Amino acid sequence: MKLLTWNVNSVRAREARLLAVLERHKPDVACLQELKALEEQFPAEAVKAAGYHAAVNGQKTWNGVAILSREPPEDVRRGLGDGAPDPQARLVSARVAGARVICAYVPNGEEVGSEKWAYKLEWLARLRRALERDFAKGEPLVLAGDLNVAPDDKDVAKPEDWAGTVLCHEDARKALARVAAWGLADVVRKHHPEGGLYTWWDYRMLAFPKGNGLRIDHVLATAPLADRSRAASVDRDERKGEKPSDHAPVIAEFDL
DNA sequence: ATGGTTGCTTAGCAA
């Protein structure tokens with residue numbers, strides 16, 4: 001099973017690139033974040049023509065997530081499912097390819113100390129509780145998406161530029177570690193323990209040409225599934241050329 | 001401290 005996760009930064013602006021990515025990698029499952037579109041604005045016809053079903057949790061203007069799959073997704077769930085008011089469409093999950101797949105777009109947090117920062121930390125705590133509440137520990141489960149945290153300084157090309165920011169702050173790292181401590185392994189780390197792989201480069205300040213990247217997009221999996229992962233990579237070339245997303249796709253392959 | 005860029009929506013917000 002090949003799984004791809006990608007923050008597209010507007011699915012409408014990125015439609016042609018999305019179709020090219022699907023054609024190039026031929027994933028069995030694709031988790032998309034930052035659709036910036038309502039479900040009815042999602043290019044379902046083009047995606048269907050490419051051979052994929054889509055489970056969409058959309059929203060006007062911001063956020064929005066989707067799971068694409070070769071086989072029809074089963075038991076689609078939208079949101080954190082904790083009954084709290086949740087106007088931001090940041091999570092969708094489904095049973096696909098023999099596993100529970102959760103596609104998440106964790107809040108960025110804007111600035112340490114801001115309201116959005118508090119929301120980010122709370123959202124990660126809610127995600128941990130959702131795992132405990134809604135998902136059986138024994139079932140194969142993948143949590144993939146833009147988790148907006150670089151877990152370690154080796155996931156940051158220029159740690160001195162990002163120290164203490166919302167992507168690297170120890171409280172964000174701890175909150176993500178609490179999610180993983182439910183029973184999830186970092187599949188990309190497993191295959192690249194040395195670090196130095198990045199998935200996001202700011203549009204500003206020539207971050208990509210300067211190599212100022214961070215690894216904030218992740219594929220986490222329960223241990224038996226992570227044990228069966230045989231490769232993981234970042235499609236860094238997708239960040240090049242005309243009108244790229246600011247994120248590159250992450251790809252993980254499992255023996256399933 | 002500010003700046004720099006992109007996308008949605010059309011001036012300002014979010015990342």
Side-chain angles (χ1 to χ4, degrees), chain A residues 5-21 31-44 46-47 56-66 85-91 103-124 127 144-151 155-169 171-173 175-176 198-218 234-250:
Chain A
T5 181
W6 187 25
N7 178 322
V8 293
N9 185 20
S10 169
V11 72
R12 288 173 288 170
R14 224 65 62 200
E15 181 176 335
R17 275 188 179 259
L18 171 60
L19 297 173
V21 162
C31 296
L32 308 178
Q33 303 87 39
E34 271 208 271
L35 304 179
K36 294 186 171 177
L38 293 160
E39 181 164 1
E40 56 263 40
Q41 297 172 313
F42 185 86
V47 163
V56 178
N57 184 11
Q59 180 184 334
K60 181 180 161 68
T61 310
W62 291 306
N63 307 314
V65 287
D86 198 9
Q88 302 192 16
R90 295 182 174 276
L91 190 141
C103 171
Y105 174 44
V106 172
N108 170 280
E110 190 188 31
E111 191 174 0
V112 172
S114 68
E115 278 184 31
K116 288 178 190 151
W117 170 245
Y119 178 69
K120 175 181 195 169
L121 298 180
E122 178 57 22
W123 201 92
L124 283 163
L127 176 56
D146 177 1
L147 305 187
N148 260 320
V149 179
D155 303 309
V156 186
K158 302 177 190 294
E160 64 280 7
D161 282 10
W162 298 92
T165 66
V166 291
L167 302 179
C168 297
H169 193 282
D171 289 350
R173 286 175 170 171
L176 180 59
Y198 312 115
T199 67
W200 174 79
W201 297 261
D202 201 316
Y203 282 130
R204 299 166 289 184
M205 301 294 287
L206 300 171
F208 186 66
K210 288 179 177 174
N212 193 353
L214 297 87
R215 189 172 71 98
I216 60 175
D217 301 85
H218 301 286
V234 177
D235 182 5
R236 189 176 169 281
D237 287 344
E238 177 54 37
R239 184 62 176 77
K240 300 175 181 174
E242 291 289 306
K243 293 236 166 211
S245 169
D246 45 353
H247 295 252
V250 179

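Proteins come first, then strands; the chains are lettered A, B, ... in the order of their sequence lines, and each starts at number 1. Keep in mind the model is a prediction, meaning the values are calculated, not measured.
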| query | Is it the case that more than 12 heavy atoms not belonging to Glu160(A) sit under 6.0 Å from its CD atom? | reply | yes
| Roughly how many Å is it from CG in Asn212(A) to C1' in dG4(B), rounded to a whole number? | 12 Å
| Can you list the residues that meet the ring-ring contact (aromatic ring centres under 6.0 Å, His included) rule with Phe42(A), with sequence neighbours excluded? | none
| said: Please report the distance separating the C1' of dA15(B) from the corresponding atom of dT9(B), rounded so that it comes out in whole Å. | reply: 16 Å
| Who are the salt bridge (Lys or Arg N to Asp or Glu O under 4.0 Å) partners of Glu111(A), not counting sequence neighbours? | none
| field | Nearest-Å distance once atom P is located in both dA1(B) and dT5(B) | value | 22 Å
| Pairwise P distance, dC8(B) and dG4(B) [rounded to whole Å] | 22 Å
| query | Can you name the side chain to side chain contact (heavy atoms under 4.5 Å, CB included) partners of Ala248(A), sequence neighbours left out? | reply | Trp201(A), Val234(A)
| query | Taking atom C1' in both dA11(B) and dT6(B), what distance in whole Å separates the two? | reply | 15 Å
| task | Applying side chain to side chain contact (heavy atoms under 4.5 Å, CB included), name anything that partners Pro244(A), two or more places apart in sequence or on another chain. | result | Arg17(A), Arg239(A)
| Results of side chain to side chain contact (heavy atoms under 4.5 Å, CB included) for Ala157(A) - residues two or more places apart only | Tyr198(A)
| message | Walk along nucleotides 7-15 of chain B from 5' to 3' and tag each nucleotide B, S or - by protein heavy-atom contact under 4.0 Å, base first, then sugar-phosphate. | response | SSS----SB
